[in-house]
Every structure is written in C-alpha cells, then in structure tokens.
Amino acid sequence: MADLQIDFAGIKSKNPFWLASGPPTNTGYQVQRAFDAGWGGAVWKTLGDPVINVTSRFSGLNYGGQRVAGFNNIELITDRPLEVNLREIRETKRNYPDHAIIASLMVEPKQEKWHEIVRRVEDAGVDGLELNFGCPHGMAERGMGSASGQVPELVEKQTYWAKEAAETPVIVKLTPNITDITATAFAAAQGGADAISMINTINSLMGVDLDSWNTIPNVAGKGTHGGYCGPAVKPIALSMVAECARESDIPIPISGIGGIENWRDAAEFMLMGASTVQVCTAAMHHGFRIVEDMIDGLNNYVDDKGLASVMDLVGQSVPKYLKWGDLDLNHKVVAHINQDYCIHCNKCHIACEDAAHQCIEFFTDADGRRALSVREEDCVGCNLCSIVCPAEGAITMIDKPSEVSMTWNERQRMISMFGG
Amino acid sequence: MDSPDASVLWKIFDEVEPDLKPKEVMEEANRCLFCFDAPCTKACPTNIDVPLFIKKITTGNMKGSARVIMDANPMGATCARVCPTEELCEGACVLNDASLPIMIGDLQRHTTNWAMKNNPQLFEAGKPNGKKIAIIGGGPAGLSSARELARFGYQVTIYEKHEKAGGLNTYGIVPFRLPQRVALWEVEQIEQLGVSIRTNCEVGKDVSVQSIMNESDAVILAIGMANVPSLGIPGEDLDGVYDAIRLIEKVKDGKPTRQFIGKKAVVVGAGNTAIDAATCLKRLGAARVHIVYRRSEAEMTAYPFEFRFAKEDGIEFCWQTQPKRIVSDGDGHVAKLECVQMKLGDEDASGRHRPIKIENSDFIMDADVIVKAIGQNRYKSLIDAFGLVHSHGVVTVNPETFQTSNPKVFAAGDVIFGNGKGEAMVVAAAEQGKRTARAIHEQMFSKI
Amino acid sequence: MHEHRSFLEEKRKIDELLQSNFHIVKVIENLSGAYVTMQRSDDADDDLSVTVHLLSADARRYMTNVLFAQRLKQSMTGS
C-alpha cells in the first residue's frame with residue numbers, strides 16, 4: 001500500500017483528493033458526508049457577503065450520448081450568512097480533525113474587508129484559505145472574482161492583504177479567463193501566496209434552445225454567461241498547471257483543478273506539478289463515492305510504479321513540457337496499419353486525404369481484398385489517422401528517432417550565423 | 001485422449017461464449033450509469049458492488065475491479081460464467097426499459113480473466129486467532145466460508161473426497177460453460193490464504209467424524225448432494241444407463257469418451273444438469289439426443305438460457321413423457337425406452353401441476369443410452385453420523401446463522417437446499433459460505 | 001500528393017553540390033522558402049557559387065542538418 005498522504009504548503013491531508021469549492025461543499029452536512037466517503041479535504045463554498053441566487057443555475061453538455069462532457073453554472077458564492085458557515089466549519093473540523101478544511105473567500109478588493117474575513121474564518125479552525133479570484137460570472141460584475149483575478153496588480157495586492165492577517169497558508173485560485181496565467185500566478189507569488197490553485201471555470205454559454213430561442217440555462221427566458229467546467233476543460237487546466245509548474249519564479253505548490261474525474265486524471269495533474277487535486281463536477285455527476293476508486297486506483301498505480309509515496313509523482317513530467325522551439329525537428333513518427341486489426345471503415349484514409357498529407361492508400365491484398373497502407377515517406381506522423389481509428393491496435397504510430405536532434409531554436413541560431 | 005483426433009474432439013468442449021473484446025469492454029463499461037443504491041447489486045445474492053467494479057474497468061484499475069468482485073464473491077470468476085444473470089443482476093439493470101441492460105456477467109468475466117492472467121494478491125490471511133475450523137466439502141459453499149474464515153485469522157482445513165477441490169464448479173458444470181481451470185484458480189486463491197485442503201479424503205472413511213469434531217472449534221458441513229437417484233423402473237441395471245453427474249464429471253476432468261459416437265441418447269429430467277448432460281452427449285458425438293420430462297416446458301427447472309442453448313445444440317424435447325421401462329437388446333444392453341404420456345393435474349405442494357398418466361398412451365423410443373438426471377440423492381448417512389436434525393437429507397439450519405441442531409456444526413450450500421426453496425445456484429452457495437463464516441466469527445468472539 | 005518526391009529532388013541538388021566539394025555559405029529564408037548559397041571549398045581556385053531554392057519543409061530541415069554537420073567538421077578540422 002502506497003503512502004497517499006500529502007503536504008501542501010504545510011496543509012496535511014491523508015490523500016490528495018479535495019473537493020473543490022462549489023455546490024458540493026455548501027454545508028457541513030455535505031462536507032462531512034464527503035469525508036465519510038474518503039475525501040482528504042474540502043474547500044468550503046466561497047464565503048463572503050451572502051448572495052441571492054437565481055434559478056435555474058446549471059446545464060450539462062452531452063456529447064454523442066455521453067452525459068456531462070462539460071458543465072456550466074451561474075450560481076454565485078454562498079447565500080448563507082458567515083456565522084452559519086463558520087459554525088458548521090467548526091463542527092466539521094471537530095468531528096474530522098484529520099481532514100483538511102480550506103475556506104474559499106471572496107470580498108471586495110479592500111484591505112479591511114480581507115483582514116476581517118481572514119480573521120473570522122481562521123478563528124473557526126480552518127487549515128488554510130483559498131482566495132477566489134476566479135469566478136467569471138455574477139461576482140465579476142461587482143468587481144470581484146475573475147474581475148480582480150484578471151489584473152495582476154489586484155491579485156498581488158489582495159494576496160498581500162490576506163497574508164497580512166493570515167496565520168494559515170494562503171492559496172490563490174486563478175482564473176483561466178486570461179491570456180497568460182503565469183502573469184497572475186507570478187503576481188500571487190509576489191503577493192506572498194503560499195500556493196496557487198487552478199483553474200476556476202471558463203466563460204461559457206452552454207447553448208441556445210432551438211424551439212424557444214432561450215439560452216441554456218435560462219432564468220425566466222433570459223440567460224447570462226456561466227462558468228464552464230467538467231471533463232472537457234481538463235486539457236486547458238492541465239496546460240495552465242504545467243505552465244506555472246515549469247516557471248522558476250513561481251516557486252509555490254499548485255493544486256490542480258479542472259475536469260478531474262478519476263485517479264488517472266489526478267495522476268496526470270500530479271505528474272505535471274500539482275500536489276493536490278480538487279474535484280467538483282465529477283462529484284456533482286456521480287456523488288462523493290467516486291473518491292473510492294480515485295484512492296484505490298491511485299494507490300495501485302503508485303504501487304505498480306514501485307514508488308513509496310504519491311508525492312514522488314509530483315512534477316515528474318514537468319521537465320518534459322517545453323516551449324515548441326525546443327522540440328526536436330529531426331524526430332520522425334510514421335503511421336503503420338496493422339491489417340489483422342483493421343475493420344475497413346476507411347476513416348483513416350479519408351482523414352488523411354482531406355485533412356492531412358494524402359499518404360494512406362488503397363491496395364489489393366493477396367486475397368484480392370481492398371486494404372489500406374501508409375506511404376511512409378510522405379507520412380508526417382501527425383497522429384490524425386490513429387485518432388480517428390475506431391479499432392484498437394489497427395494503427396500504430398512508430399517512432400523513428402534520429403541520431404542527432406535539432407530544435408527550431410538551435411536551427412534558427414545556426415541559420416543566423418549564415419545570414420538568415 | 002489417446003486417439004489421433006482427440007484434440008479435435010476436445011476442442012468442442014471449449015467455452016461456448018467468447019470473451020468480450022477490449023473495445024466491447026470499454027464501450028459497455030462506459031455505458032453503465034453508476035447508479036446509486038443500484039438494483040443490480042441488490043439482485044446479486046452476494047451483493048457485488050456492480051457499478052463500482054465496472055467504474056474501475058473504465059479507469060483501468062483492474063486490480064481494484066477484481067478485488068470488488070472477489071471480495072463479495074469468492075466464486076466471482078465462476079459466477080461470471082454460470083450465473084443466471086438475466087434473472088439476477090442484468091435482469092435488474094435500470095437500462096432494461098431504456099435500451100439494453102449492461103452485460104454485467106461478461107464484464108465480470110473480463111475482470112476475473114484479467115485476475116486469472118495477472119494473478120495479483122487480492123486478499124491477505126488475518127492474524128492467527130488460534131481457532132481451528134474443519135470444513136467438509138470443497139465446493140463453492142465450503143471454499144467461500146474457508147476464504148472468509150482465513151481472512152478472519154482461523155486455521156482452516158477442508159476435507160474433500162475428490163482428487164481436486166471446487167465441487168460442482170470443478171466437476172459438475174460442463175466445460176463449455178465453465179472450464180475447469182477457472183474453478184481451480186478460485187481454489188488456488190483460497191489455498192494462498194493458508195487454507196489447507198486435504199483432497200482424496202472422505203470423511204467417515206479416510207478420517208472419522210469423531211476426530212474432526214474433537215479437533216475443531218467448529219465444523220462446517222458443505223457436502224452438497226450425492227448421486228442421481230434411480231428411476232425406479234425395470235431395466236435400470238442394463239449396460240448403457242448412466243448417472244448424469246458422473247458423465248459430466250468425466251468430461252469435465254478431461255476424459256471425453258468415444259463410446260457415444262453415433263448413439264441415440266435419452267436424458268431423463270429437465271433441470272440444468274439434464275441440459276448439461278444432453279449437450280455433452282451431443283458434443284461427444286451422439287446422433288440424436290432427446291430429453292424426456294414428465295411435466296411441461298413451464299415447469300422445467302433449467303434456466304431459460306440453458307434451454308435456449310440446448311435447442312440451438314439440436315436437443316429434442318419430449319414434454320409430459322414418463323419412462324416406464326428400459327428394454328434390453330437381449331444382450332444386457334439398452335435398446336429401447338418405453339414411455340407413457342402424461343397430463344397435468346392439480347397443483348401439488350411445490351405449486352407445480354401434478355403429472356398424471358394418460359391411459360393407453362404408451363409408446364417406445366429407440367435408445368442406446370439412457371442418462372438419469374432427475375435430481376440428486378442426499379448424503380444421509382454422513383449427516384446422521386454427525387447426529388444432525390434433517391428432513392430427507394436436507395440439514396435443518398438456523399437461517400440467520402446456518403447453525404445446525406449441534407451448535408458446533410454449521411451447514412451451507414446444497415446440503416441445506418430443500419425442494420422449492422430458492423435455487424441451487426453457485427452464487428447462493430458462495431453467499432451462504434460467507435454468511436456462515438461471519439456467523440461463526442461473531443459467535444466465537446462475542447463469547448470472549 | 002507526393003511531397004516526398006520534391007524533397008528527394010531538392011536533396012539531390014544539395015547532395016550533388018556537396019559531392020562536388022561545395023559547402024553552404026549563406027542561407028536566406030523568407031515567404032518563398034530557403035535560398036541556400038553554396039560555394040566550392042577553399043582549395044578550389046574559382047569563386048563559383050550556386051544558390052539553390054528549397055521549397056519543401058523536409059529539404060529545409062535537411063539543409064540545416066547539413067549545416068550542423070559542416071560546422072562540426074569545421075570545428076574538428078580547426079578551419
């Protein structure tokens with residue numbers, strides 16, 4: 001049995017799986033149910049001046065018969081008074097002393113506001129604070145959430161204010177609704193953040209109803225943009241985590257958030273530099289019980305890898321994540337069609353013909369049957385055929401490593417010496 | 001297996017149902033809704049957490065998937081193949097009405113195939129607690145209780161009269177449904193927990209009941225049932241009359257015989273064993289195989305999928321037909337079977353219509369081979385040797401604790417399976433074994 | 001499409017020049033591809049230079065690898 005315990009900027013947790021701030025962490029009842037199910041920690045639904053929410057609030061993106069490939073919401077922060085939340089935080093911490101409780105906070109960008117909420121929340125016994133600079137809807141119109149999270153100076157200043165009052169670790173949750181997330185991550189680090197978490201939700205409009213022409217979701221026939229999350233956002237979140245993890249001037253731990261729904265996703269985020277992961281949509285889709293396989297699967301994976309601790313995964317893939325200009329131009333990959341597994345749907349042919357390099361050709365095999373093969377010399381190894389191929393094992397991408405490597409950056413330096 | 005074409009002959013005993021292909025597995029597993037409080041789990045006698053083991057397939061956590069299955073059901077690999085899933089988990093699947101039920105049995109087979117191939121250690125023996133348990137019979141009920149007791153820390157010895165443990169899984173279910181290696185793998189899993197299995201050891205013959213009672217803190221009787229009873233008609237001692245259980249046992253043990261090639265066979269009875277015997281005979285080369293049954297298709301105890309399978313195999317059914325006399329060829333061998341037509345009368349105690357002979361409806365069937373498959377006898381003398389209260393060889397137990405009239409002796413599996421009470425399924429025996437183990441554990445350690 | 005053929009054609013041009021003791025002295029890259037100017041090595045008396053226009057990506061990659069090999073050789077021979 002591998003050791004799944006983690007230490008995140010001083011916050012200890014028996015496993016890396018935390019519930020992200022959101023509907024599942026609205027109350028003590030829910031957070032305690034989650035801890036019973038096995039979650040190592042929970043980030044309480046964002047505390048601040050209680051809001052009034054609209055209804056309806058959520059919508060799901062179904063893709064090809066699969067429900068909730070993506071998810072969006074227009075729900076705001078907590079609608080319950082601070083005292084009520086703090087009472088439940090105290091009770092939960094008393095009943096579950098070994099679980100991490102992080103309070104997510106959002107107030108107006110004023111020093112005294114941050115000081116007040118930080119002091120009151122820490123008094124309830126939380127293990128850490130997460131500053132919500134990320135929600136893209138509603139609160140942003142009031143100058144909070146992503147509105148302040150998109151301005152590096154505001155991120156730095158508010159982090160600094162929170163840190164002035166804080167005794168527990170301060171995590172800054174970043175918005176992805178920005179061109180370069182490392183700018184705000186750097187600002188958070190400059191402000192004294194102990195850690196960063198990412199990503200918050202992405203601006204989105206889920207759809208338009210073709211009968212009523214209403215937005216999806218709608219409130220009395222009207223809609224507004226919501227925060228997008230769920231499995232579909234995972235690649236975006238993963239790249240943002242990786243970009244921050246590889247920056248030496250953002251030397252603080254990262255909590256990965258965005259489309260994580262099983263142990264594999266979690267392991268990927270950890271390999272890319274996250275030392276905890278936060279989950280919301282998957283728990284909303286399936287319930288807190290999904291954490292059982294997350295823990296079990298991660299445990300078996302770490303064991304299979306021969307590692308003692310899950311912390312040994314953290315950041316292992318970061319050195320492999322480079323700028324494009326540092327990739328080897330000489331490396332070649334070619335597609336190979338394995339006739340034993342091909343089911344003759346011809347999707348690879350048409351994909352290559354119409355969208356790639358026209359190198360998958362028909363031929364007639366010894367038995368007079370029509371089959372496909374790759375004209376390797378024209379194959380650029382783009383992967384498209386293997387991506388569209390529905391038959392497991394029918395297309396293999398074969399590495400043809402070169403003896404010497406040459407990156408774009410190396411090439412340009414060389415050419416510049418020859419007047420290029 | 002010494003004739004030149006023996007390997008070809010043996011080939012037809014390969015598993016009939018193919019494994020799911022990897023793509024099928026992923027498509028099917030991802031189709032599962034991961035229901036909460038899932039009806040499939042509730043429909044499983046051993047309460048396998050079906051959505052969880054399927055979820056683990058989708059995440060590639062195969063060891064975890066195998067553990068979920070085998071934890072709930074120590075016969076999980078066997079049950080994936082022999083359970084009447086359409087009446088249990090798959091029958092309960094919420095997708096039955098919306099589209100098609102999830103192929104739970106096939107997914108369970110995929111996971112347990114992985115486990116058989118990769119052999120991960122799924123369970124560990126408990127810390128020894130100093131107590132000794134003797135289990136008579138190494139079939140599903142005995143093995144299942146042994147597995148649980150070993151995990152609780154008991155020193156367990158199984159006494160098995162056959163050469164191999166596994167009971168009907170090893171010897172009684174036709175290989176094209178359940179290859180013997182599957183049953184033996186499950187036996188191995190239990191041996192790996194330190195359970196000692198004494199094979200070729202018949203209690204009452206090779207070892208005395210008294211010594212077992214003296215040396216153990218508790219005894220579990222999981223002896224199953226005995227041979228097929230006689231038909232009680234003239235000619236039963238003729239050459240060519242077989243016991244279905246023994247016939248299947250031979251085939252299952254890898255000893256297919258050539259003696260049935262081209263023969264006309266009649267199987268008497270319409271339970272799952274009768275179907276197994278009939279389909280075996282067909283595979284052994286019998287020219288025609290009839291099943292005769294004194295009641296109608298509606299009363300038949302064989303599972304619908306077994307019945308379908310038999311019809312696909314070309315087995316012919318003679319309903320409401322009762323054998324009356326086996327006729328000799330004059331040379332001591334079976335030549336014909338004389339039968340009488342039946343009609344169905346009022347319901348009997350079991351709720352089934354009582355068959356009544358129709359006057360002057362006698363007729364003769366040509367037959368070289370007669371196979372008896374009309375249920376099984378009970379090991380009454382052994383039960384008596386333990387001094388247990390029983391009803392016609394069905395041991396009386398407390399339904400909660402599986403304790404017999406002797407508080408030190410428990411009983412599980414077919415030995416407590418009475419007519420008309422539930423079904424004699426492997427999965428039910430496995431569950432009874434589990435519960436017996438828990439009951440023993442509770443009793444042993446609540447006293448301290 | 002047989003992009004590979006144009007590469008082979010362009011590669012042949014460069015290889016022929018290399019075999020005739022030419023080496024790369026100048027590379028200009030713009031919207032039209034790469035213009036590679038090659039000159040006969042020092043021991044030759046004439047000042048003959050040839051400019052090859054490379055269009056295919058593979059040829060432009062190949063040319064740079066030639067350049068690297070040429071630099072490596074020069075550094076080893078000290079010239």
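Order of the sequence lines fixes the chain letters, A, B, ..., with proteins taken first and strands second; residue numbering starts at 1 for each chain.
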Does C:Thr37 have any side chain to side chain donor-acceptor pair (under 3.5 Å) partners at least two apart in sequence or in another chain, and if so, which?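 Only C:Thr51 meet the side chain to side chain donor-acceptor pair (under 3.5 Å) criterion with C:Thr37.
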With no hydrogens and no angle check, just 3.5 Å: does a side-chain donor-acceptor pair link A:His331 and A:Asp399? yes
All pairs passing side-chain hydrogen bond (donor to acceptor under 3.5 Å, both in side chains) where residues 174-185 of chain A contributes a residue, at least two apart: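 side-chain hydrogen bond (donor to acceptor under 3.5 Å, both in side chains) check on residues 174-185 of chain A returns A:Thr175-A:Asn177, A:Asp180-A:Thr182.
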Between A:Glu243 and A:Lys323, is there a salt bridge with N-O shorter than 4.0 Å?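 Looking at A:Glu243 together with A:Lys323, the answer is no, because their closest N to O distance does not fall below 4.0 Å.
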Can you sort out the partners of A:Lys305 under salt bridge (Lys or Arg N to Asp or Glu O under 4.0 Å), two or more places apart, ordered by chain and number? none
So which atom in A:Asp265 and which in A:Gly259 form the shortest heavy-atom distance, rounded to 0.1 Å? OD2-O, 3.6 Å
Sort by residue number and list every residue of residues 5-18 of chain C having at least one heavy atom under 4.5 Å from chain A.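 Checking residues 5-18 of chain C against chain A gives no residue, so none.
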Treating A:Thr396 as the side-chain partner and A:Ile398 as the backbone partner, does any N or O pair qualify as donor plus acceptor under 3.5 Å? no
Which atoms of A:Glu376 come close to chain C, meaning under 4.5 Å heavy atom to heavy atom: side chain ones, backbone ones, both, or neither?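 A:Glu376 has no heavy atom closer than 4.5 Å to chain C.
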Using heavy-atom distances under 4.5 Å, tell me whether C:Asn30 contacts chain A through its side chain, its backbone, both, or neither. neither
